[in-house]
2 protein chains.
Amino acid sequence: MESNPEKKPLSDIAYSQIKNMLLEFELHPGSAVTEIMFMQKFGISRTPVRQALQRLEQEGFMRLTPRKGWFVAGVSLRDIQEIFVVREALEGIAARLAAELLTQEVLGELNDYMEKISNQEQTKDVDEFDPGDILHDKIFEAVNNQQMNRVLRLYDDQLRRFHIMACKLPGRALLSYKEHYEILRALTERNGENAEKAMREHIQSSKLSILDAVVNESYGKWFEC
Amino acid sequence: MESNPEKKPLSDIAYSQIKNMLLEFELHPGSAVTEIMFMQKFGISRTPVRQALQRLEQEGFMRLTPRKGWFVAGVSLRDIQEIFVVREALEGIAARLAAELLTQEVLGELNDYMEKISNQEQTKDVDEFDPGDILHDKIFEAVNNQQMNRVLRLYDDQLRRFHIMACKLPGRALLSYKEHYEILRALTERNGENAEKAMREHIQSSKLSILDAVVNESYGKWFEC
DNA sequence: TGCACTCAGATTGTATACAACAAATTGTAC
DNA sequence: GTACAATTTGTTGTATACAATCTGAGTGCA
């Protein structure tokens, strides 16, 4: 375990490290791990390791079967479907609210950004992040709802474990662009109803892409059930 | 600590007990507690007590300031507002989905139940639970989304800590009945759009009641900020 | 061979001792 | 009396020892 100048609790460090390992595919869903393993790897005792694992268990990343052991949790297709229902609901209402809350200035920025992306369309490579990320970010920033953000953040991490790259399917980038364009247009018109509708369609569309990726692109091996 | 025939982990028992104390107002928001206190009260060691408290901390019921101590978390007005935005989104979409998923049989039951309530209207006392609870339950049962239920369950517990009785404000019972009637009508007509709309209005209405109760009925003392 | 049983190893569950730190208290000088 | 430093007390943070339980291999017996 590297330096610890700010005296953060060891359990927090262990938590971050293990979560990183999860997000980086260093720990594969379904595989078994032991507390002793992390204890030795990090050079700390079992107590903070256990704390970290228990926290991750509550967040759905690990599973513990009593007196047997720890396992890296997978995500079932059902989980994905359920998560996307929640995302659709929350991001939809966020868009509706943002239509009233976004400042004219930010809307300007977003439109400029969108236009710039549009011009690059032909030449740009698709390896960058989904250009719509910034739109989502600005929406959540405007809505400023911590409870909502907490839920969505968790799901983002869960999904990121499996397919950051779902947006890289053929044709997905362009489609995604169009969807974001629709959202931004509704926002610019301050039309909350349409913003919510467009956002929901966008979420549903990305759900389809991800499910596609899951079943076709052999991500299947990481999934439960 | 009473009997433990099923060998449930002590930490689980501690968790349930402490959470009960929270929901029963035995532990007041803002007050300080110590691990030793629960350790002695339950006759167990610090380890499972700590686990329980850490779990409750993650769920937002307790707060820990490092090297200082544990405090019972309050809920700020902002928290309530935020929670209700999430509830509105989730329960709304649940209603929309339920319009397709509810069986004709359950819809029949609900309509019968609603009618029965309606006839009792004059004589019944309002001390029972919100009659709409069963409607919500049936909706969630039909939607059958564990992720969604997890989030809503948590918020229910959080809010229950403060005002089970918010629905008992003058006039609230009748209003609530009418709102539920609208929801059920839309569901019966299999009109998801209207069901979502009616549910949202219902949630907003109950939010207002609760905020009213909070600021007027001297619940204020338990709130932060 | 097949089956039940025992026992050793591994892993989590719990208890407890000690370390690190914060706050309160006390003692002292002025 | 007040200000300030030293000490004492109380609390959480971490380490570690032991208990409880599960797993699986090996053994004995039919």
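Protein chains get the first letters and strands the later ones, always in sequence-line order, with residue 1 at the start of each.
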CD of A:E100: more than 12 outside heavy atoms within 6.0 angstrom?
-> no
Locate the shortest heavy-atom distance separating A:A52 from A:I18; write the atom from each residue and the value.
-> CB-CD1, 4.3 Å
Judged by atom type as modelled, is there a donor-acceptor pair below 3.5 Å linking the side chain of B:E179 to the main-chain atoms of B:S205?
-> no
Scan B:V49 against the nucleic acid and name what it touches under 4.0 Å (heavy atoms): base, sugar-phosphate only, or nothing.
-> nothing
So what does A:T34 hit on the nucleic acid, given a heavy-atom distance under 4.0 Å: a base, only sugar-phosphate, or nothing?
-> sugar-phosphate
For the pair B:D157 and B:R160, find out whether any cationic side-chain nitrogen is under 4.0 Å from an anionic carboxylate oxygen.
-> yes
Before accepting this row, confirm whether a basic side-chain N of the pair A:E91/A:K207 lies closer than 4.0 Å to the acidic partner's carboxylate O.
-> no
Should the ring pair B:H180 and B:H136 be called parallel, tilted or perpendicular, given that the plane angle runs from 0 to 90° and is split at 30 and 60?
-> perpendicular
Between P of D:dG13 and NZ of A:K8, the distance in whole Å = 15 Å
Between P of D:dT12 and CD of B:Q51, the distance in whole Å = 16 Å
Side-chain N,O (B:W70) to OP1/OP2 (D:dT12) below 4.0 Å = yes
Position toward the 5' end of DNA chain D (nearest nucleotide), A:T47 or B:T65 = B:T65
Hey, are A:D79 and A:S76 close enough side-chain-wise for a donor-acceptor pair under 3.5 Å?
-> yes
Taking 5' to 3' order, which nucleotide of DNA chain C is first and which is last to have an atom within less than 4.0 Å of a heavy atom in chain A?
-> C:dT11 to C:dC21
Any N/O pairs under 3.5 Å between the protein and nucleotides 19-22 of chain D? List them or say none.
from, atom 1, to, atom 2, distance (Å)
D:dA20, N3, A:R67, NH1, 3.4

Apply side-chain hydrogen bond (donor to acceptor under 3.5 Å, both in side chains) to A:E82 and B:Q146, showing your working.
-> CA-CA 7 Å; A:E82 290 189 359; B:Q146 294 175 345; 5.4 Å; no
